[in-house]
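What follows is one structure encoded as structure tokens, with my remarks underneath.
Every value quoted in this text rests on a predicted model; they were computed, and no experiment measured them.
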Amino acid sequence: MNAEEAFKEVSTALPPHFFTIVARNYLSFALTLRASLLAAHPGVVFRIVLADEAPNEATLALIEALAPGAAADLVAARDLPIPDFADMTMRYDVMELATAVKPFAFRHMLAAAEGGPVIYLDPDILVTAPLDCVLDALASGADAVLTPHHRAPPPDDGKTPTAADIAAAGCFNLGFAAFADTPGAHGFLIWWADACATRCFSAPERGLFVDQKFVDEAPARIPGLVILEAPGLNAAYWNLHERPLGRADDGTPTAGGQRLQFFHFSGVAPGDGIVLSRHQTRHHPDTIGAVGAGLLADYRARLAAFGHEAFRTIPYAWGHYPDGSTIPRAARRLYARRKDAGEAVLPFDPDLAFLNAPEPGVAHGGAPVTRLMAEIWRERPDLQAAFPLNVSAGRAGLRRWFLAHGPAEYGVGSAHLAPAAAGGAGAVLKIARGIFRSLPPPLQEHLRRGRI
């Protein structure tokens with residue numbers, strides 16, 4: 001046995017540490033996961049990494065009342081070994097940030113585990129049995145363990161997700177990942193963290209899907225990677241076509257005929273019992289069998305018992321500028337582009353003069369196409385097809401779309417809407433007023449607080 005093999009044998013014999021990552025409004029999911037994990041693995045270390053500011057005293061008290069000991073499991077993402085955390089909170093939205101901190105959290109957790117392996121689970125996972133095959137792989141010397149989205153692509157039935165949809169999201173589902181405290185694992189985590197620090201965008205038009213697409217390179221970068229295809233691991237809407245849910249003779253749930261170890265309720269709608277996942281159209285309670293429907297109902301009941309209604313309304317700490325206005329994702333993209341180009345931009349500076357300025361290289365007449373509008377247009381192939389910016393009709397159409405849909409779809413505030421309606425009593429403003437009268441009353445009230 002060489003030195004590296006001996007190191008692996010010692011490190012993987014130690015008990016694993018587990019963690020998840022949430023914003024405060026997802027705490028009910030984290031507590032539900034925690035309870036199910038501790039039932040399967042009593043006594044293990046479990047940490048909840050908060051990609052958000054710390055909870056206030058009332059929230060901490062509620063956490064402790066619902067799950068005694070859980071308040072001590074909280075770890076602030078800002079305390080992880082991240083070189084420029086403030087930059088990440090500005091360049092990323094909440095989902096992007098929660099995934100971007102994952103490799104940094106792995107490195108932190110591996111240090112705390114003192115040689116033992118570390119396993120990550122998404123907060124919307126329910127553990128139903130011990131993760132024996134994962135622990136066996138780590139004990140056998142794996143540097144890392146991952147699970148693919150599926151073994152066979154979904155049927156070509158006109159429903160989603162399609163095989164192309166899943167390919168765009170990545171080969172592996174990063175709702176689960178396990179790393180040992182080995183040189184091979186650490187080398188990959190350093191590379192992965194560097195990628196996630198500045199490029200962890202949900203931007204399929206650029207071939208990016210948060211932390212997940214980077215891990216397509218894992219087979220080439222991790223010498224001791226183990227890919228587990230057991231149907232009971234990471235069962236979810238993207239693979240139910242090949243691993244139907246059932247029940248063993250002893251009453252335990254199964255997936256694809258094998259014991260279900262954890263189900264991933266990605267996209268679940270806690271308040272809607274007929275929605276298995278908002279991210280797909282293929283499966284619902286009537287199509288996944290009695291066991292699947294029962295799992296969904298049980299999971300929703302657990303979320304409710306762990307305070308979903310109380311936690312879900314907690315606002316995300318870094319979702320707004322200091323004045324309280326929402327930060328549109330397009331503003332985050334423009335900030336990131338300027339920062340990466342070396343400009344001296346500050347996080348959480350609205351910089352209206354820049355965002356509302358006419359987009360360079362686009363002809364303007366009357367109301368301009370602003371930089372913010374153009375950034376939204378760049379990430380939307382449908383807008384590019386409908387509103388070509390090289391013709392006046394396309395630019396006018398984009399302005400109309402922006403006025404009608406920008407607030408609801410992108411959180412665009414009145415300060416960003418005003419330039420699109422410029423031109424006095426011109427045609428653009430008349431059209432905007434017509435659109436305004438057709439909007440729902442709550443959105444009309446939102447716009448009345450601006451200049452329209």
Side-chain angles (χ1 to χ4, degrees), residues 23 25-26 90-98 160 201-205 210 267-272 275 277-281 309 312-335 348 350-352 355-356 359 367-387 389 394-423 428-452:
N25 68 324
Y26 242 57
M90 177 62 200
R91 76 170 52 225
Y92 297 137
D93 64 24
V94 60
M95 188 266 281
E96 291 167 340
L97 180 69
T160 58
F201 298 112
S202 177
E205 76 282 358
V210 291
V268 71
D272 191 339
V275 175
S277 171
R278 294 174 298 234
H279 306 322
Q280 56 88 47
T281 61
E309 285 302 310
R312 71 179 183 87
T313 58
I314 300 176
Y316 175 54
W318 301 300
H320 300 82
Y321 289 116
D323 66 1
S325 59
T326 300
I327 303 174
R329 191 173 73 168
R332 296 183 188 273
R333 295 289 191 265
L334 288 165
Y335 160 86
F348 303 100
D351 203 353
L352 295 178
L355 296 175
N356 290 348
E359 170 70 7
V369 171
T370 66
R371 284 188 170 104
L372 186 70
M373 294 165 61
E375 183 64 22
I376 294 174
W377 179 87
R378 272 191 288 270
E379 68 177 36
R380 291 279 297 268
D382 58 333
L383 297 183
Q384 294 169 34
F387 309 124
L389 299 186
R395 296 189 293 273
L398 179 62
R399 288 193 292 266
R400 292 193 297 271
W401 178 91
F402 183 72
L403 287 165
H405 300 282
E409 293 189 27
Y410 287 88
V412 174
S414 57
H416 297 301
L417 293 171
V428 173
L429 186 55
K430 289 181 180 178
I431 292 170
R433 284 173 173 162
I435 294 172
F436 175 85
R437 287 190 291 271
S438 70
L439 296 176
L443 185 52
Q444 290 186 23
E445 181 59 29
H446 173 79
L447 294 178
R448 284 194 186 96
R449 294 196 293 268
R451 294 175 55 189
I452 297 177

Of all heavy-atom pairs between Asn356 and Ala415, which one has the smallest distance, and what is that distance? ND2-O, 2.9 Å
Testing the basics here: between Pro368 and Pro419, what is the closest heavy-atom pair and its distance to 0.1 Å? CD-O, 3.4 Å
So how far is it from Leu389 CG to Arg395 CZ, rounded to the nearest 0.5 Å? 7.5 Å
Can you check whether Leu352 reaches His416 side chain to side chain, under 4.5 Å on heavy atoms? yes
Heavy-atom pair of closest approach, residues Pro350 and Tyr321: CA-CE2, 3.5 Å
For residues Arg333 and Glu375, report the shortest heavy-atom separation together with the two atoms involved. CB-OE2, 3.3 Å
Exactly one of Tyr316, Tyr335, Phe201 should register a ring-ring contact (aromatic ring centres under 6.0 Å, His included) with Tyr92. Which one does? Phe201
Sequence neighbours excluded, which residues qualify as side-chain hydrogen bond (donor to acceptor under 3.5 Å, both in side chains) partners of Thr281? Thr160
Arg329 vs Ser202, test: side chain to side chain contact (heavy atoms under 4.5 Å, CB included). Steps then yes/no. CA-CA 10 Å; Arg329 191 173 73 168; Ser202 177; 4.3 Å; yes
Do the side chains of Arg400 and Phe387 get nearer than 4.5 Å, heavy atoms only? no
Min side-chain heavy-atom separation Ile327-Met90 under 4.5 Å: yes
side-chain contact (heavy atoms from CB on, under 4.5 Å) with Trp377: which of Val369, Leu372, Leu398? Leu398
Is there a side-chain contact between Val412 and Leu417 (heavy atoms, below 4.5 Å)? yes
pair Trp401-Ile376: side-chain heavy atoms closer than 4.5 Å: yes
A side-chain contact here means heavy atoms from C-beta on lying under 4.5 Å apart; do Phe348 and Trp318 qualify? yes
Strictly below 4.0 Å, N to O, side chains only: are Arg399 and Glu359 in salt-bridge contact? no
Indicate yes or no: does Glu96 engage Arg332 in a salt bridge with an N to O separation below 4.0 Å. no
Least distance between heavy atoms, Gly411 atom then Pro328 atom: O-CG, 4.2 Å
Partners meeting salt bridge (Lys or Arg N to Asp or Glu O under 4.0 Å) with Asp382 (sequence neighbours left out): Arg380
